[in-house]
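Below: one structure, written as structure tokens.
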Amino acid sequence: MATPRAVVVGCGHYLPERVVENEELTGWVDTSDEWIRTRSGIERRHFAAEGEKTSDLAIQAARMALADAGLTGADIDAVVLATATPDQTFPSTATRVQAALGMGEGFAFDIQAVCAGFVFALANATALIGSGQAKRVLVIGAETFSRILDWNDRTTCVLFGDGAGAVILEAQVGTGTNADRGVLSTILRSDGRFNDLLYVDGGVSTTQTAGVLKMQGREVFKHAVQKLAIAGEEALEAADLKVEDVAWVVPHQANLRIIKATADRIGIPLEKIVVTVQDHGNTSAASIPLALSVANSEGRFKPGDLLLMEAIGGGLTWGAATLRW
Ligand code: UT7
């Protein structure tokens with residue numbers, strides 16, 4: 001049966017110029033390179049320059065994805081942008097990207113699922129393509145988490161960075177089998193009973209300030225490994241695929257120990273995992289598309305490779321997706 005599939009036809013990423021090594025952080029945070037490396041795997045991260053906004057990062061990543069696909073803004077029907085650090089309360093950061101790309105038509109909106117945002121955006125974009133509402137969707141994850149870090153909280157401020165990643169999904173006719181290229185399954189989950197494990201202590205209707213990030217790291221860690229492994233397995237099952245079919249795992253890049261422990265539970269060897277956390281830190285919704293685009297520019301994916309993506313963030317919110325390259 002002819003099935004509209006959401007196939008990746010281009011990807012891109014952008015990292016702010018400023019690189020902050022662990023060692024530099026020790027200048028103003030009571031921490032050490034050794035602690036950060038051994039507990040998280042992070043070695044450095046990028047921070048946006050003063051005045052550099054989430055939309056600026058997103059626009060750069062989007063331009064690279066368009067160039068990679070050989071398309072222009074006029075070829076895009078929709079922009080779906082995942083972020084927890086928008087430029088403003090409204091309008092959506094996605095509409096800023098839409099304007100910058102010269103898209104006079106179509107539509108754009110933001111998705112808020114924190115670090116799981118890209119998986120949620122991918123699922124929404126796939127649904128827009130599946131229902132015929134869009135033929136080409138620009139899916140972006142973009143964050144400036146450096147703006148919401150508490151520099152007096154060493155348990156969180158050393159873990160995050162800024163960046164953006166983007167993919168372009170295009171409707172292509174598939175056969176309806178899991179041999180098709182494109183997104184094959186998406187699993188979305190959340191459990192609001194865990195709101196207090198990871199949140200920002202400000203907001204429009206509460207404090208009228210942006211607030212700073214608060215996290216019970218050890219608790220989030222435990223949920224992450226368990227929930228990501230289950231979601232990953234569910235995504236494979238939903239597409240009638242087995243763990244042996246996976247060519248690459250592109251996980252949310254929060255902590256190397258979480259990445260390894262999750263892959264271990266699912267039964268995937270380390271050499272099949274794309275790891276960028278050492279260079280980017282945790283960039284929340286940007287982390288998967290960033291890792292995807294970096295790996296793609298290194299020529300690591302071959303047509304037909306099966307990719308498994310999984311992410312978890314504040315909410316708690318988590319999910320997974322399978323995608324044939
Ligand atoms: O993207 C959303 C998902 N978020 C995550 O996935 C993050 C999940 N959590 C984690 O990645 C880890 O829990 C952390 C990296 C945040 C922490 O690692 P941990 O092994 O769970 O360490 P801990 O919180 O149990 O802290 C161990 C020790 C503590 O000292 P005591 O109480 O043992 O004396 C902390 O005070 O490490 C201390 N510590 C630090 N020391 C130096 C905490 N932060 C730092 C620091 N530098 N930056």
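Please read these numbers as outputs of a predicted model, since none were measured by experiment.
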**Q.** Qualifying residues under side chain to side chain donor-acceptor pair (under 3.5 Å), relative to T26, sequence neighbours excluded
**A.** none

Q: Might you point out which heavy atoms bring A58 and I140 nearest each other, and give the distance in Å?
A: CB-CG2, 3.9 Å

Q: Measure the shortest side-chain to side-chain distance between L81 and I111 over non-hydrogen atoms and say whether it is less than 4.5 angstrom.
A: no

Q.
What I want to find out is whether D77 reaches R136 closely enough, with some N-O distance under 4.0 Å, to be called a salt bridge.
A. no

Q: Apply the test side-chain hydrogen bond (donor to acceptor under 3.5 Å, both in side chains) to residues T156 and D153: give CA-CA distance (whole Å), side-chain angles for both, the deciding distance (0.1 Å), then the verdict.
A: CA-CA 6 Å; T156 56; D153 178 7; 3.0 Å; yes

Q.
Which residues end up grouped with Y14 if you chain together Ile, Leu, Val, Met, Phe, Trp and Tyr wherever their side-chain heavy atoms are less than 4.5 Å apart?
A. L57

(Q) Checking T144 against S146: is there a side-chain donor and acceptor pair closer than 3.5 Å? (A) no

Q.
Between R18 and E24, does any side-chain N to carboxylate O distance fall below 4.0 Å?
A. yes

**Q.** Donor-acceptor side-chain pairing of R96 and Q88 below 3.5 angstrom
**A.** yes

(Q) Between K260 and L270, is there a side-chain heavy-atom distance shorter than 4.5 Å? (A) yes

Q: Determine whether M64 and H13 make a side-chain contact, defined as any pair of heavy atoms from C-beta on separated by less than 4.5 Å.
A: yes

Q. Just how far is it from atom NZ of K227 to atom OG of S190, taken to the nearest 0.5 Å?
A. 11.0 Å

Q.
Please find the pair of heavy atoms, one from A164 and one from A142, that lie closest to each other, and give the distance.
A. CB-CB, 3.8 Å

Q: Determine the minimum heavy-atom distance between V97 and A62, stating which atoms define it.
A: CG1-CB, 4.3 Å

Mind listing the side-chain donor-acceptor pairs of residues 117-129 below 3.5 Å, one per line with the distance, residues two or more places apart or on another chain?
{"residue": "N124", "atom": "ND2", "partner": "F120", "partner atom": "O", "Å": "2.8"}
{"residue": "T126", "atom": "OG1", "partner": "L122", "partner atom": "O", "Å": "2.7"}

Q | ring-ring contact (aromatic ring centres under 6.0 Å, His included) partners of H223, counting only residues at least two apart | A | F194

Q) Distance under 6.0 Å and angle within 45° of the ring axis: does K272 meet both against W248? A) no

(Q) How close do T276 and A291 get, counting heavy atoms only, and between which atoms? (A) OG1-CB, 3.7 Å

Q. Looking only at heavy atoms, which two atoms of D240 and N178 are closest? And how far apart?
A. O-ND2, 3.0 Å

Q.
Under the rule for side chain to side chain contact (heavy atoms under 4.5 Å, CB included), what residues qualify as partners of S40, not counting sequence neighbours?
A. I36, I42, L159, N255

Q: Could you tell me the separation between the NZ atom of K242 and the CG atom of L236, rounded to the nearest 0.5 Å?
A: 10.0 Å

(Q) Are the side chains of V249 and M309 in contact, using a 4.5 Å heavy-atom criterion? (A) no

Q) When rounded to the nearest 0.5 angstrom, what distance separates CG in L15 from CD in Q60? A) 11.0 Å

Q: Determine, stepwise, if the pair T175 / T177 fulfils side-chain hydrogen bond (donor to acceptor under 3.5 Å, both in side chains).
A: CA-CA 6 Å; T175 60; T177 73; 3.1 Å; yes

**Q.** Side chains of T322 and L306 in contact at under 4.5 Å (non-hydrogen atoms)
**A.** yes

Q) Within a strict 4.5 Å, meaning less than it, do heavy atoms of the L307 and L292 side chains meet? A) yes

Q: Starting at CZ of R300, measure out to CH2 of W325 and round the result to the nearest 0.5 Å.
A: 12.5 Å

Q. What is the distance from atom CG of D87 to atom OG1 of T93, rounded to the nearest 0.5 Å?
A. 4.0 Å

Q: State, yes or no, whether a side-chain contact exists between L169 and V7 at a heavy-atom distance under 4.5 Å.
A: no

Q) Cluster question for you: counting only ILVMFWY and a side-chain heavy-atom cut-off of under 4.5 Å, with indirect links fine, are V173 and V9 together? A) no

(Q) Minimum heavy-atom separation for E43 and R37, please, with both atom names. (A) CD-NH1, 3.4 Å

Q: Would you give the length of the straight line joining atom CG of D75 to atom CE of M103, rounded to the nearest 0.5 angstrom?
A: 10.0 Å

Q.
Under a 3.5 Å cutoff, is there a donor and acceptor pairing between the side chains of S32 and E34?
A. no

**Q.** Contacts of type side chain to side chain contact (heavy atoms under 4.5 Å, CB included), residue S284, not counting sequence neighbours
**A.** V114, C115, E143, F145, N282

Q) Is I168 close to L66 at the side-chain level, that is, under 4.5 Å between some pair of heavy atoms? A) yes

Q) Linking I/L/V/M/F/W/Y whenever any side-chain heavy atoms sit under 4.5 Å apart, do V294 and F160 land together? A) no

